[in-house]
A.B. asks: 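My questions will all concern the structure given below.
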There are 2 protein chains.
Amino acid sequence: MADLREGQPQEWGGIWEALGCKWTFHIVRCLDHEPMGFNQLKDTIGGIPASTLSTRLKELGEQDIVSRSVQDTTPPSTRYELTEKGDAVADIISQLEEIEERFD
Amino acid sequence: MADLREGQPQEWGGIWEALGCKWTFHIVRCLDHEPMGFNQLKDTIGGIPASTLSTRLKELGEQDIVSRSVQDTTPPSTRYELTEKGDAVADIISQLEEIEERFD
DNA sequence: CCGTATCCCCTAGGATACTG
DNA sequence: CAGTATCCTAGGGGATACGG
């Protein structure tokens, strides 16, 4: 691989940058169990500031890993859930955790 | 902060923190092709400062993802290569890249 | 209930320079 | 060839406070 810049389209950014952020994999793991709203997500994860959650969620949305839909119910609520791509990412996160256990 | 489910004490740190760093996956990818020395790695990746490479390599060593061995040759050289665990991680990185291509 | 707006602090990233 | 030592700064993490 003489040329990393040309042959490899894989640049820093995208999934990589998102996954590296401190809370990201917690978010994906939570949503892997079931879709949920903002505060529910916040409480389930525990310890994450709302501002940070907001930012991460936006990033994950841009990466098409998480989708956001507003329910017109009473009370009105928002629902975040994994996209098809998000499911694939969640699967990989699981594999990574298996690795840590296996070599523990 | 209620626990979402028992049996998954995955905390921030470890593999996660390491993989999130900007150059880490480049390093793993390079070593996945073949073991190599410090400067060779530096040149192959391109753009990474020696100080940063040094830091990343140390972290990857602590995570048992990369091993370091000194060859008593002339000139003396160092060789970095993936451990068994490192191979597993490299495999996952490939899968992540496949995902990005698939949903591109 | 669902967020965004600020502000502060801290540290990883990077350039540069220097040793074994 | 194989690194370590410094110094600098940009931006992410987090608390707090406030709007839809």
Side-chain angles (χ1 to χ4, degrees), chain A residues 4-5 10-28 30-31 34-63 65-81, chain B residues 1-2 10-28 30-31 34-63 65-81:
Chain A
L4 203 89
R5 324 143 219 264
Q10 225 39 68
E11 291 299 325
W12 173 246
I15 282 187
W16 300 103
E17 191 159 14
L19 284 185
C21 292
K22 181 169 178 179
W23 296 100
T24 308
F25 84 91
H26 282 295
I27 297 172
V28 175
C30 279
L31 295 178
E34 55 176 336
M36 52 179 84
F38 188 87
N39 282 314
Q40 192 181 354
L41 199 47
K42 182 176 181 303
D43 294 337
T44 305
I45 294 176
I48 184 173
S51 56
T52 301
L53 179 55
S54 178
T55 306
R56 294 286 91 79
L57 244 18
K58 198 176 301 177
E59 291 171 359
L60 289 172
E62 288 168 358
Q63 297 296 323
I65 291 174
V66 166
S67 71
R68 177 183 188 272
S69 58
V70 180
Q71 315 275 321
D72 198 7
T73 57
T74 338
S77 70
T78 315
R79 198 177 70 154
Y80 292 95
E81 62 184 320
Chain B
M1 54 179 74
Q10 274 318 315
E11 292 299 326
W12 173 247
I15 282 187
W16 300 104
E17 191 160 13
L19 284 186
C21 292
K22 181 168 179 181
W23 296 100
T24 309
F25 83 91
H26 282 297
I27 297 173
V28 175
C30 281
L31 295 179
E34 54 176 336
M36 52 179 86
F38 189 87
N39 282 314
Q40 191 182 356
L41 199 47
K42 182 176 181 302
D43 295 336
T44 305
I45 294 176
I48 184 173
S51 57
T52 300
L53 179 55
S54 178
T55 306
R56 294 286 91 80
L57 244 18
K58 199 175 299 177
E59 289 171 2
L60 289 171
E62 288 167 0
Q63 298 295 325
I65 292 174
V66 166
S67 70
R68 175 183 189 272
S69 58
V70 180
Q71 315 275 322
D72 198 7
T73 57
T74 337
S77 72
T78 315
R79 199 178 70 157
Y80 291 96
E81 62 185 318

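Lettering follows sequence order; numbering is per chain, from 1.
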A.B. asks: Could you give me the CA-CA distance, side-chain angles and deciding distance for B:Arg68 and B:Thr78, then say whether side-chain contact (heavy atoms from CB on, under 4.5 Å) is met?
C.D. replies: CA-CA 7 Å; B:Arg68 175 183 189 272; B:Thr78 315; 3.7 Å; yes

A.B. asks: Could you give the CG-to-P distance, from A:Asn39 to D:dG19, as a whole number of Å?
C.D. replies: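 So the CG-P distance, A:Asn39 to D:dG19, works out to 18 Å.
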
A.B. asks: For side-chain contact (heavy atoms from CB on, under 4.5 Å), just list the numbers for B:Ser69 and B:Gln71, CA-CA rounded to whole Å, side-chain angles, deciding distance to a tenth of an Å, and then say yes or no.
C.D. replies: CA-CA 6 Å; B:Ser69 58; B:Gln71 315 275 322; 3.7 Å; yes

A.B. asks: Show your reasoning for whether side-chain contact (heavy atoms from CB on, under 4.5 Å) applies to B:Glu81 and B:Val66.
C.D. replies: CA-CA 6 Å; B:Glu81 62 185 318; B:Val66 166; over 6 Å; no

A.B. asks: By the 4.0 Å heavy-atom rule, please label B:Arg68 as base, sugar-phosphate, or nothing.
C.D. replies: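 Sugar-phosphate, backbone atoms only, no base.
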
A.B. asks: Rounded to the nearest angstrom, tell me the gap between atom CG in B:Leu53 and atom C1' in C:dG14.
C.D. replies: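 The distance from CG of B:Leu53 to C1' of C:dG14 comes to 13 Å, rounded to the nearest Å.
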
A.B. asks: With rounding to the nearest 0.5 angstrom, report the OG to CG distance, A:Ser67 to A:Leu31.
C.D. replies: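 Going from the OG atom of A:Ser67 to the CG atom of A:Leu31 covers 9.0 Å.
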
A.B. asks: To the nearest 0.5 Å, how far apart are NZ in A:Lys42 and SG in A:Cys30?
C.D. replies: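 Here the rounded value is 13.0 Å.
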
A.B. asks: Tell me the interatomic distance from A:Lys42, atom NZ, to D:dT16, atom P, rounded to whole angstroms.
C.D. replies: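 So the two atoms are 11 Å apart, to the nearest Å.
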
A.B. asks: Of the options D:dG12, D:dG3, C:dA15, whose atoms approach the side-chain atoms of A:Glu17 most closely?
C.D. replies: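 Nearest listed nucleotide: D:dG12.
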
A.B. asks: Using only side-chain N and O atoms of B:Tyr80, determine if any of them is under 4.0 Å from OP1 or OP2 of D:dG3.
C.D. replies: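 Checking B:Tyr80 against D:dG3: at least one side-chain N or O falls below 4.0 Å of OP1 or OP2.
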
A.B. asks: What integer distance in Å separates A:Trp23:CH2 from D:dG14:P?
C.D. replies: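 That distance rounds to 6 Å.
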
A.B. asks: Which is true for B:Arg79 with a 4.0 Å heavy-atom rule: it touches a base, it touches only sugar-phosphate, or it touches nothing?
C.D. replies: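 B:Arg79: no heavy atom of the nucleic acid under 4.0 Å.
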
A.B. asks: Round to the nearest Å and state the distance from B:Ile27 atom CD1 to D:dG3 atom P.
C.D. replies: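 In whole Å, D:dG3 P and B:Ile27 CD1 are 12 Å from each other.
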
A.B. asks: Between A:Cys21 and B:Ser54, which is nearer to the 5' end of DNA chain D once each is assigned its nearest nucleotide?
C.D. replies: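 Closer to the 5' end of DNA chain D: B:Ser54.
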
A.B. asks: Can you label the angle between the A:Phe38 ring and the A:Tyr80 ring as parallel, tilted or perpendicular, going by 30° and 60°?
C.D. replies: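 Ring orientation, 0 to 90° scale: tilted.
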
A.B. asks: Dot-bracket notation for DNA chain C is requested: 5' to 3', Watson-Crick or G-U wobble pairs only, both distances under 3.5 Å, with ( ), [ ], | and . as defined.
C.D. replies: |.||||||||||||||||||

A.B. asks: Among the candidates D:dG12, D:dG14, D:dT4, find the nucleotide nearest to the side-chain atoms of B:Lys58.
C.D. replies: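 My answer, after comparing the listed nucleotides, is D:dT4.
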
A.B. asks: Between atom CG in A:Leu57 and atom P in D:dG13, what is the gap in whole Å?
C.D. replies: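 Taking atom P of D:dG13 as the reference, CG of A:Leu57 is at 14 Å.
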
A.B. asks: May I have the distance from B:Arg56 (atom CZ) to D:dT4 (atom C1'), rounded to whole angstrom?
C.D. replies: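 Taking atom C1' of D:dT4 as the reference, CZ of B:Arg56 is at 15 Å.
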
A.B. asks: Using a 4.0 Å heavy-atom cut-off, does B:Ser51 contact any base of the nucleic acid, only the sugar-phosphate backbone, or nothing at all?
C.D. replies: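 Base contact.
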
A.B. asks: Expressed as a whole number of angstroms, how long is the span from B:Lys22:NZ to C:dG13:C1'?
C.D. replies: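 Going from B:Lys22 (NZ) to C:dG13 (C1'), I get 8 Å.
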
A.B. asks: If I compare all heavy atoms of A:Gln63 with all of A:Ile15, which pair ends up nearest, and what's the gap?
C.D. replies: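 Closest heavy-atom pair between A:Gln63 and A:Ile15: OE1-N, 3.5 Å.
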
A.B. asks: Report yes if the side chains of B:Leu19 and A:Leu19 come closer than 4.5 Å at any heavy-atom pair, otherwise no.
C.D. replies: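 No, too far: nothing below the 4.5 Å cut-off.
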
A.B. asks: Touch check for B:Thr78, heavy atoms < 4.0 angstrom, all strands: base, sugar-phosphate only, or nothing?
C.D. replies: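 The answer is sugar-phosphate, as B:Thr78 gets under 4.0 Å only of primed atoms, P, OP1 or OP2.
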
A.B. asks: Would you kindly compare B:Ala50 and B:Glu59 by the position of their nearest DNA chain C nucleotide and give the one closer to the 5′ end?
C.D. replies: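 First, find each residue's nearest nucleotide; the 5'-ward one identifies B:Glu59.
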
A.B. asks: Categorize B:Ser77 for me: base, sugar-phosphate, or nothing, with a 4.0 angstrom heavy-atom threshold over every strand shown.
C.D. replies: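 B:Ser77: backbone/sugar contact only, no base atoms under 4.0 Å.
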
